[in-house]
Amino acid sequence: MKIISWNVNSVRARITNILDYIKQSNPDILFLQEIKTQDISFPHEDFKNIGYNSYVFGQKSYNGVAIISKQELDKINNSFIKDDLKQSRIITAELKLKKKKIELINIYVPNGNPVDTEKYEYKKDWLKKFISSIKKRIQKNSNILIAGDFNIIPEEIDVYDFKRYENDALGRLEIRKKYRELINLGFKDVYRFKNKTKQEYTFWDYFAGSWQKNYGMRIDHFLLSNSLIENIKTININKKPRSKEKPSDHTPIELEII
DNA sequence: ATGGCTGAGCTACTCAGA
């Protein structure tokens, strides 16, 4: 079972790249973030034509998340938290894997910049609500997979120049502590669990030749509840899509579970 | 490097991203 997460920075602007990538990587389930469109203008047909169902929580212009899946998924839910700004940032579903029921949670965490503004407060509040909901969920179902664009640099190793980001909304200790708080509820950051010292990134800015200079950061993550650790087969950051024409600024992170 | 580049909505320019 291959599950992939990718912030595509507009599903419609990226549709050719996305379809090519699906054909090459053959995921069972694909989490998309920043689809930047409403449900009504989501390219459902393009995914249907290559054998995938689409479950979409979109909005006009900004944000938006979707789950693309070969098999039909149950219990699709777009109200995992109460979002004060009513932004489309979480979609959840249930996956049956052998005898386990796994709650799939696809997230697009607010960016939060600039710090010391209402945007930063929104990110903090959003994370607080999210952690609180996860705490409740994990008491009912211990099998949880959270993946998406967290907009959090977990540790110094996860960015090309930490000093530049230590007071940024992605790297501030206050925000990184939220990430640790979430993990301490009973999760593993699968990439870091499998790669203790490796320095790889999932995002590179469009400007100033960031990609060419490898000025990147690791802000897209897979968290698996401790109950599912034994199911991990591989975790991989696939840099190829970032090198294509008209790329997203993020690249996919790929998880295989058995 | 609080910049520069990209996309949406719309057709001139602002907002948002990280």
Side-chain angles (χ1 to χ4, degrees), chain A residues 5-19 21 31-43 46 56-66 83-90 106-124 126-127 147-176 178-179 199-221 237 239 241-253:
Chain A
S5 173
W6 191 11
N7 177 324
V8 290
N9 185 19
S10 171
V11 69
R12 289 182 293 166
R14 212 72 58 214
I15 191 65
T16 309
N17 299 36
I18 296 170
L19 296 175
Y21 171 70
F31 287 7
L32 301 178
Q33 301 90 34
E34 270 205 279
I35 60 171
K36 288 186 168 177
T37 192
Q38 299 168 96
D39 303 15
I40 193 163
S41 36
F42 187 90
D46 289 307
V56 181
F57 182 34
Q59 70 177 84
K60 202 172 184 177
S61 301
Y62 306 119
N63 312 310
V65 286
D83 191 308
D84 289 337
L85 299 183
K86 300 195 188 306
Q87 298 186 347
S88 303
R89 296 182 174 277
I90 309 184
N106 176 11
I107 64 171
Y108 175 47
V109 178
N111 175 296
N113 277 310
V115 295
D116 303 321
T117 66
E118 68 286 350
K119 291 189 179 187
Y120 186 71
E121 292 304 312
Y122 171 57
K123 180 179 195 172
K124 273 200 305 186
W126 195 98
L127 285 168
D149 178 358
F150 284 65
N151 273 319
I152 299 175
I153 300 163
E155 302 291 342
E156 298 193 17
I157 188 178
D158 295 308
V159 61
Y160 71 100
D161 180 3
F162 183 73
K163 283 214 175 311
R164 279 185 59 172
Y165 288 90
E166 62 182 350
N167 196 33
D168 184 279
L170 281 71
R172 260 199 186 181
L173 184 57
E174 186 176 38
I175 295 297
R176 295 192 289 126
K178 294 282 188 205
Y179 190 71
Q199 192 159 18
E200 286 189 300
Y201 309 128
T202 63
F203 167 89
W204 298 259
D205 258 321
Y206 284 125
F207 16 84
S210 296
W211 166 247
Q212 288 76 10
K213 289 186 281 196
N214 197 28
Y215 285 1
M217 57 184 84
R218 191 174 72 91
I219 55 176
D220 300 86
H221 309 299
I237 295 171
K239 292 195 202 58
R242 186 63 181 80
S243 69
K244 304 280 187 193
E245 287 294 311
K246 271 182 78 71
S248 167
D249 41 8
H250 295 251
T251 215
I253 176 166

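The figures here come from the full heavy-atom set of this structure, side chains too, leaving out hydrogens, waters and symmetry mates. By convention in this document, chain letters (A, B, ...) are assigned in the order of the sequence lines, proteins followed by strands, and residues within each chain are numbered from 1.
In this structure, Asp149(A) and Pro247(A) both approach DNA chain B, and ranking their closest nucleotides by distance from the 5' end singles out Pro247(A). Between Ile219(A) and Pro114(A), the residue anchored closer to the 5' end of DNA chain B is Pro114(A), taking for each the nucleotide with the nearest heavy atom.
Judged by distance alone, the side chain of Tyr215(A) and the main-chain N or O of Tyr160(A) form no donor-acceptor pair under 3.5 Å. A donor-acceptor distance shorter than 3.5 angstrom exists from the side chain of Lys123(A) to the backbone of Ala169(A), with no hydrogens or angles considered.
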Sequence neighbours excluded and cut-off under 3.5 Å, please list the side-chain donor-acceptor pairs for residues 31-40 of chain A, or say none.
from, atom 1, to, atom 2, distance (Å)
Gln33(A), OE1, Asn7(A), N, 3.1
Gln33(A), NE2, Ser5(A), OG, 3.1
Gln33(A), NE2, Asn106(A), OD1, 2.8
Glu34(A), OE1, Asn7(A), ND2, 3.1
Glu34(A), OE1, Tyr108(A), OH, 3.4
Glu34(A), OE2, Tyr108(A), OH, 3.4
Lys36(A), NZ, Asn9(A), OD1, 2.8
Thr37(A), OG1, Arg12(A), NE, 3.4
Thr37(A), OG1, Arg12(A), NH2, 3.4
Thr37(A), OG1, Ser41(A), OG, 2.8
Asp39(A), OD1, Gly58(A), N, 2.7

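Residues satisfying the ring-ring contact (aromatic ring centres under 6.0 Å, His included) test with Phe203(A), not counting sequence neighbours, are His250(A). With sequence neighbours left out, the ring-ring contact (aromatic ring centres under 6.0 Å, His included) criterion links Tyr179(A) to Phe150(A), His221(A). Qualifying salt bridge (Lys or Arg N to Asp or Glu O under 4.0 Å) partners for Arg89(A), counting only residues two or more places apart in sequence or in other chains: none.
A close approach under 4.0 Å does occur between a side-chain nitrogen or oxygen of Arg14(A) and OP1 or OP2 of dG7(B). Between Arg12(A) and dG9(B), a side-chain N or O to OP1/OP2 separation shorter than 4.0 Å is present.
A cation-pi arrangement is absent between Arg242(A) and Tyr201(A) under the rule of less than 6.0 angstrom and at most 45 degrees off the ring axis.
At whole-Å resolution of the value, CD in Gln33(A) and P in dG7(B) are 18 Å apart. The distance between atom CG of Asp161(A) and atom C1' of dT2(B), rounded to the nearest whole Å, is 15 Å. Atom CZ of Arg164(A) and atom P of dG3(B) are 12 Å apart (whole Å). Between the C1' atom of dT6(B) and the CD atom of Glu34(A) lies a distance of 11 Å, rounded to the nearest Å. Atoms CD1 (Ile35(A)) and C1' (dT6(B)) sit 18 Å apart, rounded to a whole Å. Across the protein-nucleic acid pair, Trp126(A) atom CH2 and dG17(B) atom P stand 13 Å apart, rounded to whole Å. Rounded to an integer number of Å, the gap from CG of Asp249(A) to P of dA8(B) is 12 Å. One interatomic measurement links the two molecules: CD1 of Ile15(A) to P of dA8(B), which rounds to 12 Å at whole-angstrom precision.
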Grab the N/O contacts between the protein and nucleotides 14-16 of chain B below 3.5 Å, and write none if there aren't any.
from, atom 1, to, atom 2, distance (Å)
dC15(B), O2, Tyr62(A), OH, 3.4

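In the model, Asp220(A) has a side-chain atom that pairs as donor or acceptor with a side-chain atom of Thr202(A) under 3.5 Å.
For the P atoms, the distance from dA1(B) to dT14(B) is 27 Å, rounded to whole Å. Taking atom P in both dT11(B) and dC15(B), one finds a spacing of 15 Å when rounded to whole Å.
By the 4.5 Å heavy-atom criterion applied to side chains, Pro241(A) and Pro252(A) are counted as neighbours. Between Leu127(A) and Ile152(A) there is a side-chain heavy-atom pair separated by less than 4.5 Å.
Among the protein residues, Asn7(A) comes within range of the sugar-phosphate backbone only, with heavy atoms under 4.0 Å from sugar or phosphate atoms but none that close to a base.
Contacts between residues 199-218 of chain A and DNA chain B, defined by a heavy-atom separation below 4.0 Å, involve Phe203(A), Tyr206(A), Phe207(A), Ala208(A), Met217(A), listed by number.
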